[in-house]
Amino acid sequence: VQLQASGGGLVQPGGSLRLSCVASGFSFSDYAMGWFRQAQGKEREFVATIAWGGSTYYEHFAKGRFTISRDNAKNTVYLQIYNLKPEDTGVYYCAADRLGPSLQGDEYDYWGQGTQVTVSS
């Protein structure tokens with residue numbers, strides 16, 4: 001099982017990024033997928049999740065600026081982030097949950113290695 005996240009980088013405030021996470025080794029279309037993030041010195045926090053059929057749920061700070069989507073044919077989940085802010089800085093992780101979309105990281109079965117997002121001028 002592997003979840004390979006990519007797309008992070010150094011971005012100026014107000015910029016955009018699209019993170020990708022390619023899954024392998026399990027039946028991707030049977031899993032809900034989620035994105036979490038962790039800033040240095042802080043606990044990991046939920047960002048967004050998407051169910052098998054495409055329904056989505058966002059943490060309150062992510063509504064309006066973040067868009068989660070998935071392409072089951074490509075075994076890939078995406079996180080588009082608009083109008084990036086310095087407080088968005090952190091490592092972004094994708095995760096897979098067999099039982100359905102969840103806000104709780106402990107309920108996810110598989111995790112990727114993370115991709116660093118740094119928002120700074």
Side-chain angles (χ1 to χ4, degrees):
V1 172
Q2 189 172 14
L3 293 172
Q4 184 69 43
S6 62
L10 174 62
V11 185
Q12 291 187 345
S16 300
L17 277 177
R18 188 176 80 157
L19 309 182
S20 301
C21 174
V22 180
S24 61
F26 63 99
S27 182
F28 178 80
S29 60
D30 290 337
Y31 283 68
M33 299 299 296
W35 285 95
F36 293 76
R37 70 183 187 183
Q38 187 168 21
Q40 191 171 8
K42 295 186 177 180
E43 293 188 354
R44 182 183 64 197
E45 64 179 348
F46 168 78
V47 177
T49 184
I50 184 167
W52 320 274
S55 58
T56 58
Y57 183 83
Y58 297 89
E59 186 55 272
H60 65 89
F61 69 80
K63 294 179 181 178
R65 293 195 301 120
F66 293 66
T67 301
I68 188 171
S69 61
R70 66 189 296 160
D71 185 339
N72 289 340
K74 295 182 178 180
N75 286 1
T76 302
V77 61
Y78 304 97
L79 185 68
Q80 178 75 52
I81 315 173
Y82 301 96
N83 190 21
L84 277 154
K85 303 177 180 182
E87 52 263 41
D88 295 321
T89 295
V91 180
Y92 284 69
Y93 299 91
C94 58
D97 188 342
R98 180 65 179 91
L99 296 181
S102 173
L103 282 63
Q104 304 300 321
D106 291 348
E107 297 185 7
Y108 283 75
D109 302 289
Y110 308 127
W111 288 83
Q113 87 292 351
T115 185
Q116 175 72 44
V117 173
T118 302
V119 184
S120 175
S121 56

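Since the structure is predicted, the reported quantities are computational estimates derived from the model, not experimental observations.
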Handout entry: For Arg98, all residues meeting salt bridge (charged side-chain N to carboxylate O under 4.0 Å, His left out), sequence neighbours excluded
Key = none

Problem - Distance (rounded to the nearest 0.5 Å) between Gln12 CD and Ser121 OG - result: 7.0 Å

Practice task
Find the distance between OH (Tyr110) and OH (Tyr108) and round it off to the nearest 0.5 Å.
Solution key: 14.5 Å

Handout entry: N/O donor-acceptor pair under 3.5 Å between Thr118 side chain and Gly9 backbone
Key = no

Problem - Test item: side-chain donor near acceptor, Glu107 and Ser102, under 3.5 Å - result: yes

Handout entry: Heavy-atom donor-acceptor pair, Arg44 side chain to Gln38 backbone, under 3.5 Å
Key = no

Fill in the blank from the handout: Between the OG atom in Ser20 and the CG atom in Asp71, the distance rounded to the nearest 0.5 Å is 10.5 Å

Problem - side-chain contact (heavy atoms from CB on, under 4.5 Å) evaluation trace for Asp97 with Asp109 - result: CA-CA 5 Å; Asp97 188 342; Asp109 302 289; 3.9 Å; yes

Practice task
Could you tell me whether a side-chain N or O of Trp52 sits under 3.5 Å from a main-chain N or O of Asp30, the two making a donor and an acceptor?
Solution key: yes

Exercise for the section: Taking the side chain as every heavy atom from C-beta outward, state whether Met33 and Phe28 have any atom pair closer than 4.5 Å. Expected result: yes

Practice task
Using modelled atom types only, decide if a donor and an acceptor are shared between the side chain of Thr76 and the backbone of Lys74 within a distance under 3.5 Å.
Solution key: yes

Exercise for the section: Can you see which heavy atom on Trp111 is nearest to which on Gly105, and at what distance? Expected result: CZ2-O, 3.4 Å

Practice task
State yes or no: do Leu10 and Val119 share one hydrophobic cluster built from I, L, V, M, F, W and Y residues joined by side-chain heavy-atom distances below 4.5 Å, directly or via other members?
Solution key: no

Handout entry: Side-chain heavy-atom pair Thr89, Gln116 within 4.5 angstrom cut-off
Key = yes

Exercise for the section: Enter the distance from Ser16:OG to Ile81:CD1 here, rounded to the nearest 0.5 Å. Expected result: 9.0 Å

Practice task
Compare every heavy atom of Leu3 with every heavy atom of Ala95, then report the nearest pair and how far apart it is.
Solution key: CA-CD1, 3.9 Å

Handout entry: Within-4.5 Å side-chain heavy-atom neighbours: Val1 and Ser24
Key = no

Problem - All side-chain hydrogen bond (donor to acceptor under 3.5 Å, both in side chains) counterparts of Glu45, not counting sequence neighbours - result: Arg37

Practice task
Give a yes or no on whether the backbone of Leu17 and the side-chain of Gln80 come within a donor-acceptor separation of less than 3.5 Å.
Solution key: yes

Problem - Spatial distance of atom CZ (Phe66) from atom CG (Leu19) [nearest 0.5 Å] - result: 9.0 Å

Problem - Any donor-acceptor N/O pair, Thr115 side chain to Tyr92 backbone, under 3.5 Å - result: no

Exercise for the section: Check whether Phe36 and Val91 end up in the same hydrophobic cluster, where Ile, Leu, Val, Met, Phe, Trp and Tyr are linked by side-chain heavy atoms less than 4.5 Å apart. Expected result: yes

Practice task
State whether the number of non-hydrogen atoms from other residues, nucleotides or ligands found under 6.0 Å of Glu87 atom CD is greater than 12.
Solution key: yes

Exercise for the section: Would you mind reporting whether Leu79 and Val47 have side-chain heavy atoms less than 4.5 Å apart? Expected result: yes

Practice task
Give the cluster check for Tyr93 versus Val11: same hydrophobic cluster or not, with ILVMFWY residues linked at side-chain heavy-atom distances below 4.5 Å.
Solution key: no

Handout entry: Nearest-0.5 Å distance that lies between atom CG in Asn72 and atom OH in Tyr31
Key = 13.5 Å

Practice task
Go through Thr67 and Tyr82 one step at a time and tell me if the side-chain contact (heavy atoms from CB on, under 4.5 Å) criterion holds.
Solution key: CA-CA 9 Å; Thr67 301; Tyr82 301 96; 4.1 Å; yes

Problem - Which atom of Arg70 lies closest to which atom of Ala51, heavy atoms considered - result: NH1-O, 3.1 Å

Handout entry: Cluster overlap Val117 with Val22, hydrophobic side-chain contacts below 4.5 Å
Key = no

Practice task
Just say parallel, tilted or perpendicular for the rings of Tyr57 and Phe46, cut-offs at 30° and 60°.
Solution key: parallel

Problem - Check: Val77 and Ile50 side chains under 4.5 Å, non-hydrogen atoms - result: yes

Handout entry: Single hit among Ser69, Cys21, Cys94 for side chain to side chain contact (heavy atoms under 4.5 Å, CB included) with Tyr78
Key = Ser69

